[in-house]
Amino acid sequence: MHGSAMMHIGTLLVIFLHYDLMCSLKDDVKRITAKEGNTVTLQPEVHALEIDAQILWSFNQNSKDPKIVNSQVFKGEINTEYSGRLKDRLLLDRNTGSLTIRNITTRESGIYRLHIISERISYWHFNCTVYAPVSAPNISRGHSHSNTKTAKSRTWSGAETQSSSNTSCQVLCSAKNDRQVSLSWFRANQLISQTSSPDVNTTLSLRLDIDEKDNTVYSCVSANPVSNDTTYLNITVMCMNQKDPSMSKRQYPIFLLPLGLSATIAIVAVGMCVKKKREYNISRSTGGHPSD
Ligand SMILES: *[C@@H]1O[C@H](CO)[C@@H](O)[C@H](O)[C@H]1NC(C)=O
Ligand SMILES: *[C@@H]1O[C@H](CO)[C@@H](O)[C@H](O)[C@H]1NC(C)=O
Ligand SMILES: *[C@@H]1O[C@H](CO)[C@@H](O)[C@H](O)[C@H]1NC(C)=O
Ligand SMILES: *[C@@H]1O[C@H](CO)[C@@H](O)[C@H](O)[C@H]1NC(C)=O
Ligand SMILES: *[C@@H]1O[C@H](CO)[C@@H](O)[C@H](O)[C@H]1NC(C)=O
Ligand SMILES: *[C@@H]1O[C@H](CO)[C@@H](O)[C@H](O)[C@H]1NC(C)=O
Ligand SMILES: *[C@@H]1O[C@H](CO)[C@@H](O)[C@H](O)[C@H]1NC(C)=O
């Protein structure tokens with residue numbers, strides 16, 4: 001009895017695996033995009049589901065144990081088994097065949113297959129991609145070394161007088177990379193630069209050269225298909241105190257000031273001494289005469 005039921009299931013498995021191969025030629029994949037931690041429902045378009053149909057859900061066919069749901073009616077009783085790592089977060093709707101996954105994680109990205117077996121076998125598959133929310137962009141000061149380069153290029157462009165009055169400032173926006181993350185600079189809601197990388201282990205970063213006196217709103221945005229995060233640039237904080245090499249050179253005379261002052265005093269003192277000595281000599285030579 002139990003054995004014959006197993007054989008029956010075995011035959012069906014052979015049938016639907018074969019059916020799989022035939023179907024994969026005319027692939028009809030439903031794309032699902034989900035945010036980590038959310039609840040996702042994989043919904044086949046089923047019109048009328050036979051009350052005694054067997055419903056099978058599997059995840060990542062090539063894994064060791066792809067079966068995640070097996071629901072069948074035996075002697076008028078519904079028996080639904082959930083299995084695998086996902087089992088505590090799954091819920092099958094027997095009326096529609098749809099599967100709900102609670103608190104989905106990025107590891108649950110992949111192909112979900114559904115087979116509904118009644119008088120005939122119906123087959124669906126879903127390509128589910130789960131994204132973690134993007135990390136917030138971080139704005140920091142650019143390197144002063146690159147700052148010098150910027151100043152030079154400005155000089156080359158011939159705007160020497162302007163570059164001495166305008167202070168350029170370099171800032172760097174960075175964010176942790178992940179699947180399909182892009183990092184962008186916006187100037188008053190207008191995209192001015194963007195970067196992305198297929199290497200998920202890197203940090204994305206994007207430089208920006210701005211004028212210290214520019215009062216436009218700049219923002220750096222990290223985004224993926226399910227989320228985005230914005231950090232606004234505070235030019236006052238990032239640029240006003242930025243150490244510019246030409247600025248520190250200009251500070252040298254201030255440090256030399258006490259030295260210069262004492263040198264002046266010394267010169268004046270020496271001068272006064274010489275003058276006094278001269279006066280003394282004069283008074284001595286003139287004063288000597290009356291006594292003579
Ligand atoms: C969702 O799953 C994560 C681990 O994957 C866990 O830390 C968190 O507590 C879960 N949240 C809920 C609401 O179950
Ligand atoms: C699933 O979708 C992702 C992108 O959304 C794609 O890179 C991947 O190749 C798809 N997988 C299959 C088996 O279709
Ligand atoms: C942003 O970058 C600065 C400098 O690299 C670092 O000190 C700070 O901790 C970072 N902040 C965040 C939120 O990553
Ligand atoms: C200096 O600032 C003015 C006004 O903001 C701008 O028109 C000019 O292009 C700037 N010059 C340089 C060299 O950035
Ligand atoms: C990213 O880093 C992880 C662990 O550090 C490693 O297993 C994986 O192969 C790396 N991926 C790439 C594309 O370098
Ligand atoms: C950021 O996400 C919001 C919804 O959360 C969306 O309206 C907006 O268009 C997104 N912005 C970008 C630049 O992707
Ligand atoms: C920039 O930061 C300063 C100091 O924290 C603050 O006073 C100022 O309001 C900020 N400006 C903007 C545009 O947020």
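Please read these numbers as outputs of a predicted model, since none were measured by experiment. Note that the numbering runs from 1 along the sequence shown for the chain. Counting starts at 1 for both ligands and their atoms, following the listed order.
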Does Asn103 reach ligand 1 with a nitrogen or oxygen that is under 3.5 Å from one of the ligand's nitrogen or oxygen atoms?
yes
Measure from atom 14 (O) of ligand 2 to the protein's non-hydrogen atoms and state whether any distance is below 4.0 Å.
yes
Under-4.0 Å protein heavy-atom contact, atom 3 (C) of ligand 1
yes
Going by the order shown, which atoms of ligand 2 are within less than 4.0 Å of some heavy atom of Thr129?
5 (O)
Could you measure the distance from the CD atom of Gln43 to the CG atom of Asp93? Nearest 0.5 Å is fine.
7.5 Å
Could you see which bit of Val29 sits under 4.0 Å from ligand 2, with heavy atoms only: side chain, backbone, both or neither?
neither
Any non-hydrogen protein atom less than 4.0 Å away from atom 7 (O) of ligand 2:
no
Verify whether one side chain among Thr41 and Thr100 offers a donor that lies under 3.5 Å from an acceptor in the other.
yes
Please report which non-hydrogen protein atom sits nearest to atom 5 (O) of ligand 7, along with the residue it belongs to and the distance in Å to one decimal place.
Val237 CG2, 4.1 Å
Check the pair Val171, Tyr218 against side chain to side chain contact (heavy atoms under 4.5 Å, CB included), reporting the backbone distance first and the verdict last.
CA-CA 11 Å; Val171 291; Tyr218 285 90; over 6 Å; no
Side chains of Ser71 and Thr80: any donor to acceptor distance under 3.5 Å?
yes
List the closest protein heavy-atom neighbour of atom 9 (O) of ligand 7: residue, atom name, distance to the nearest 0.1 Å.
Asn234 ND2, 4.9 Å
Side-chain donor-acceptor pair present, Ser197, Asp199, cut-off under 3.5 Å
no
Distance filter under 4.0 Å to Thr105 heavy atoms, resulting ligand 1 atoms:
5 (O)
Are more than 12 heavy atoms from other residues, nucleotides or ligands located less than 6.0 Å from atom CD1 of Ile51?
no
Among all protein non-hydrogen atoms, which one is nearest to atom 12 (C) of ligand 2, and what is the separation to 0.1 Å?
Asn127 ND2, 3.4 Å
Lys30, NZ atom: more than 12 neighbouring heavy atoms under 6.0 Å
yes
Look only at interatomic distance and state if Gln180 has a nitrogen or oxygen under 3.5 Å from any nitrogen or oxygen of ligand 2.
no
side-chain contact (heavy atoms from CB on, under 4.5 Å) with Ile55: of Leu49, Val69, Ile117, Asn70, only one passes, and it is Leu49
